[in-house]
Amino acid sequence: MPPKRTTRAGVKSSKESKGPEGSPKDDAVQKGPGKRKRAADKSEEQKSPSDTSSSPSYSHWLMKSEPESRIEDGVDVKFGIEDLKALPNQTSCWDGVRNYQARNFMRDMKEGHQAFFYHSNCKEPGIAGLMKIVKEAYVDHTQFDKKDVHYDPSSKSENPKWSMVDVKYERMTERFIPLAELKKYHLQHKSKGGPLRNMALFTRARLSVQPLTTEEFDFVLSLEDADPI
DNA sequence: GCCAACGTTGGC
DNA sequence: GCCAACGTTGGC
């Protein structure tokens, strides 16, 4: 099962670290000297501390999820901020991330960090609210679950590939902050300078889990009280 | 529904 | 280890 959409959450929070585990079957394969080595492996092992061009480790994030129903392999992948809010303890694991860079960013997350809940692939994409990281990276059990949309047959239980974190709903933003508006600022800041000039949402558009500098985060938050442009 | 951007796969 | 083909993301 290749990289699927952003994410999804079970009605489960912590305590789930284990999972079906096991899932033998085609063992052997992976470790061989043959396999491995590939663009992916690169981003995989290295750059854990979001090293790219240094960046003194981030503490603010943006995480994408789809708020509208969409059936993938027979399963509805819908998971908007209202869905998170409705869960027990308003907490969920952020499973299903199958992109190395996004995974590595999740591994950089610390308890207490804040993240924007971004609505993607929908009528009106944008930032809907805030959440808090309440559990740091641990094994994403869905990679071993053959019935899960995010099942990854190439991942072995002895050496799991994918991680997830737990997030807790914090609040809605005072108003929805549309992608279109963020983009206007981005373009403006790109030509004249400003906090959003390098925002990952535009420079790394397809990353489902991305970091924000404190400056970016604060600026976006300041838009809550500003008039839409 | 289209399609550009871009990550991943796999042949050579 | 290159790179073309393929598949996914996600805005529009």
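Letters A, B, ... mirror the listed sequences (proteins, then strands); counts begin at 1.
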Report the residues that fulfil salt bridge (Lys or Arg N to Asp or Glu O under 4.0 Å) with [X], sequence neighbours left out, ordered by chain and then residue number.
X        : result
A/Asp218 : none
A/Lys132 : A/Glu170
A/Arg204 : none

Which residues share a side chain to side chain donor-acceptor pair (under 3.5 Å) with A/Gln143, sequence neighbours left out:
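A/Gln143 satisfies side chain to side chain donor-acceptor pair (under 3.5 Å) with A/Ser155 once adjacent residues are dropped.
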Go through the structure and list residues passing side chain to side chain donor-acceptor pair (under 3.5 Å) with A/Ser69, not counting sequence neighbours.
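Residues passing side chain to side chain donor-acceptor pair (under 3.5 Å) with A/Ser69: A/Asp76.
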May I have the distance from [X] (atom [atom1]) to [N] (atom [atom2]), rounded to whole angstrom?
X        : N      : atom1 : atom2 : result
A/Lys64  : C/dG11 : NZ    : C1'   : 10 Å
A/Gln101 : C/dT8  : CD    : C1'   : 15 Å
A/Glu66  : C/dG10 : CD    : P     : 8 Å
A/Asp152 : B/dT9  : CG    : P     : 9 Å
A/Trp162 : B/dG7  : CH2   : P     : 13 Å
A/Arg70  : B/dG1  : CZ    : C1'   : 14 Å
A/Leu207 : C/dG10 : CG    : C1'   : 13 Å
A/Arg98  : B/dC6  : CZ    : C1'   : 20 Å

Linking directly or through intermediates, with side-chain heavy atoms under 4.5 Å: list the remaining ILVMFWY members grouped with A/Leu212, chain and number order.
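Besides A/Leu212, the cluster holds A/Leu62, A/Phe116, A/Tyr118, A/Ile127, A/Leu130, A/Ile177, A/Leu179, A/Leu182, A/Tyr185, A/Leu196, A/Met199, A/Leu201, A/Phe202, A/Phe217, A/Phe219, A/Val220, A/Leu221, A/Leu223, A/Ile229.
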Side-chain heavy atoms under 4.5 Å apart, restricted to Ile/Leu/Val/Met/Phe/Trp/Tyr: what other residues fall into the cluster of A/Ile71, or is it alone?
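ILVMFWY cluster around A/Ile71 holds nothing else.
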Five-pair end axes of the helix from B/dG1-C/dC12 to B/dC12-C/dG1 and the angle they enclose, rounded to 10°:
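Result, rounded to 10 degrees: 10°.
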At 4.0 Å (heavy atoms only), tell me whether A/Tyr118 reaches a base, stays on the sugar-phosphate, or touches nothing.
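A/Tyr118: backbone/sugar contact only, no base atoms under 4.0 Å.
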Those residues at least two apart in sequence (or on a different chain) that pass side-chain contact (heavy atoms from CB on, under 4.5 Å) with A/Glu111 are A/Glu136
Quick one, which residues of residues 176-184 of chain A touch DNA chain C with a heavy atom under 4.0 Å?
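Output list: A/Leu179, A/Lys183.
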For the side chain of A/Asp140 and the backbone of A/Gly96, is there at least one donor-acceptor N/O pair under 3.5 Å apart?
yes
What pairs of nitrogen or oxygen atoms, one from the protein and one from nucleotides 2-5 of chain B, lie under 3.5 Å apart?
{"unit_1": "B/dA5", "atom_1": "N3", "unit_2": "A/Arg206", "atom_2": "NH1", "d": "3.1"}

Examine A/Lys135 relative to A/Tyr138 and say whether NZ or CZ is less than 6.0 Å from the centre of the six-membered ring and inside a 45° cone about the ring axis.
yes
If only side-chain N and O atoms of A/Arg204 are considered, is one of them under 4.0 Å from the OP1 or OP2 phosphate oxygen of B/dG7?
yes
Sequence neighbours excluded - salt bridge (charged side-chain N to carboxylate O under 4.0 Å, His left out) pairs with any residue from residues 180-195 of chain A
A/Arg175-A/Glu181
